Amino acid sequence: MHLPSFWTTQDLSMNDERNLRIAQMLGDLFWSIDDIGHTPGKDHYHPTPYNRLAWTDQEAWLRTWFAAQMNRRGFKVSVDEAGNQWAWIGGVPTPQNRGISLGSHMDSVPDGGAFDGPLGVLSAIVAFDLLSEEGWKPECPLGIANFHDEEGGRFAIACFGSRMKMGLLTWEQAISMRDRQGLNYAQALQKFKSKLGSVKRMASHSRALGTFSDQEITDAINKSAAPEPHLDDYDADRLIAFKQSIFSHTELHIEQGCDQRNLNAPIAVAEGIWPHGRWCIVMHGEANHAGTTPMMERRNPMIAFAKLVLDVQDISKRRKVRATIGKVIVQPNGVNVIPSRITAWIDCRGQLERDVKGLMQEVRDLAKSGEFDAYPIAVHGEPDAGDLPYDCDITQESWTRSTTFPDAIRQSLVNSVAASVYGSGNRKNVRHVIPPTISSAAGHDAAILAEAGVQAGMIFVRNFSGASHTPIEFATPEDCAYGVRAYMGIIKDFSKRCIRGDNGMGAAR
Ligand SMILES: [Zn+2]
């Protein structure tokens, strides 16, 4: 048995033998991918970041690992037109023979943590393994999905794979996006081929793939390729058939706040997802010498940017939304050069759409009033038409409405988790009889599927640090074991309902 870097043997001390076994199985899987994109750290108490961005070397390893693991278990693995990996067992679902799916994503934000994403995929694998040990056989197609580029850490849009799958993003839009190096999406996909090639060369010496034969590696690499961008690929019939084929989709995810810690609830069911938008703001100025340009003659967009940061902070407090400026590009980015251009991104989410949109309306109004123009300080406040080249542009890059997960699946998840996690015999350290339902301030693939009419829902595993998108996010082995148990209950319950054609759930809108 191996332990991933983020769990210690002390973390594994628990009374429940079954939870211990589940945690060990999960620990083994986590260990096998732990060095992928992970900055080595000195010890358990100083967690170090994971960098697993879309179409990078790290993603090549993770996709190949996923395909190899699923192939070995007898799943049929494929890559869909959007780049997501699907593994099905018990048949591939059709509208006549629907299936249930589980899964999440394996990519990370820049400098992310170990759990966000992989926990939902690895837990599904362990749930399947345990059910198989019990002699359980799929009654309907069972799928495990690895959604591609959920975090949007490299290009501008989050939930790329699920959005494209559900027809909410086109290749035309996708290939216009560029990463920090200026590569567009099509170029990144093209380069991915050579990354899979290097996985193949190094696989036999790696921790992740060292136990697989050459043939298994070759098969897995074939099921990990990037899709070809097809500009005319939108196929309404294919989308309808997909929606009708999925009876239910459940995503398990580490919680990204501290509600569950406060509620003492290892597992919760998602109520809904807050509305969320991303905006890009470009502030124009004029590059000039840091020494020879008098302060009063500068057209410095950095000053405007500083005002933007403070204004956004003030507005977000007043409107009770969460707004963040976390990415900035300064051009030309020289120590002794006045910037010519600042590009910044505003991420805003909140309980109410009107407040999220309201914040951006206020930012736009301020921009119109000249607040963010890089006029020479001498004339600031008196803009005239001649100064227009120094203004700022704001564009909305994404908007996701608030999502409420469908009642039927939410209630079914509550019942299923109540029985599998909170039921008698499992109630050590658990105060509740049924899992609490909580709202999430973070977007997820399951929410994109639900928005598009699939019966999709989510369960959350408690995060003891309450922090997310950072290496300090943390779930205990015992809570993760409860997550696997929840998935097991869901697989059994939902398969039965799927076979019965239970009308309370599963009808695609
Ligand atoms: Zn995630």
Side-chain angles (χ1 to χ4, degrees), residues 6 26 30 33 36-38 47 49-54 56 58-59 62-63 66 82-85 101-125 144-165 249-260 267-270 272-274 276 278 322 324 326 347 349 398 400 403 405 438-451 456-475 479-480 483 486-487:
F6 45 85
L26 198 52
F30 263 121
I33 58 167
I36 300 174
H38 186 196
Y50 294 79
N51 281 283
R52 297 164 168 176
L53 305 197
T56 56
Q58 293 74 35
E59 184 163 51
L62 291 165
R63 281 168 81 83
F66 175 78
N84 308 304
Q85 286 178 298
S101 60
L102 313 170
S104 190
H105 62 95
M106 295 191 73
D107 65 312
S108 77
V109 292
D111 290 347
F115 298 90
D116 183 343
L119 182 63
V121 177
L122 274 52
S123 298
I125 298 175
I144 299 180
N146 173 22
F147 280 100
H148 152 64
D149 197 2
E150 194 271 349
E151 298 288 8
R154 180 169 174 192
F155 296 92
I157 192 155
C159 300
F160 182 101
S162 50
R163 278 182 208 273
M164 183 162 282
K165 178 80 190 160
H249 175 75
T250 309
E251 177 170 1
L252 175 152
H253 203 278
I254 185 168
E255 193 204 0
Q256 292 170 284
C258 37
D259 287 352
Q260 286 173 248
I267 306 296
V269 172
I273 311 269
W274 285 4
H276 171 206
R278 283 186 188 180
R322 296 179 187 167
T324 305
D347 174 300
R349 33 193 115 193
S398 73
T400 311
T403 306
F405 287 110
I438 60 173
S439 277
S440 171
H444 294 284
D445 294 313
I448 302 287
L449 267 60
E451 269 296 294
M458 291 189 75
I459 54 174
F460 293 118
V461 173
R462 170 167 49 188
N463 175 354
F464 266 95
S465 74
S468 178
H469 288 180
T470 145
I472 65 168
E473 64 176 14
F474 183 77
D479 283 355
C480 292
Y487 255 163

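All residue numbers refer to positions in the sequence shown, counting from 1. Each ligand, and each atom within it, is numbered from 1 in the order the structure gives. Just so it is clear, the model here is predicted, and its values are computed rather than measured. The figures here come from the full heavy-atom set of this structure, side chains too, leaving out hydrogens, waters and symmetry mates.
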Gln58-Asn51 side chain donor-acceptor pair, cut-off 3.5 Å
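Judged by distance alone, the side chains do not pair up.
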
- Message: Hydrogens and angles aside, do Glu251 and His105 bring a side-chain donor and acceptor to less than 3.5 Å of each other?
- Response: no

> Any side-chain heavy atom of Ile273 within less than 4.5 Å of one from Arg349?
Replying inline: no

| request: Under the side-chain contact (heavy atoms from CB on, under 4.5 Å) rule, collect the residues that match up with Ser398, sequence neighbours excluded. | output: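 Testing Ser398 for side-chain contact (heavy atoms from CB on, under 4.5 Å), a comparison that skips the adjacent residues, returns Ile157, Arg278.
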
task = List the steps, then state whether ring-ring contact (aromatic ring centres under 6.0 Å, His included) holds for Phe30 with Phe115.
result = CA-CA 9 Å; Phe30 263 121; Phe115 298 90; 5.8 Å; yes

Tested for side chain to side chain donor-acceptor pair (under 3.5 Å) against Thr400, the lone hit among His444, Arg163, Glu451 is Arg163

Under 2.8 Å from the Zn ion (ligand 1), protein N/O/S atoms total 3

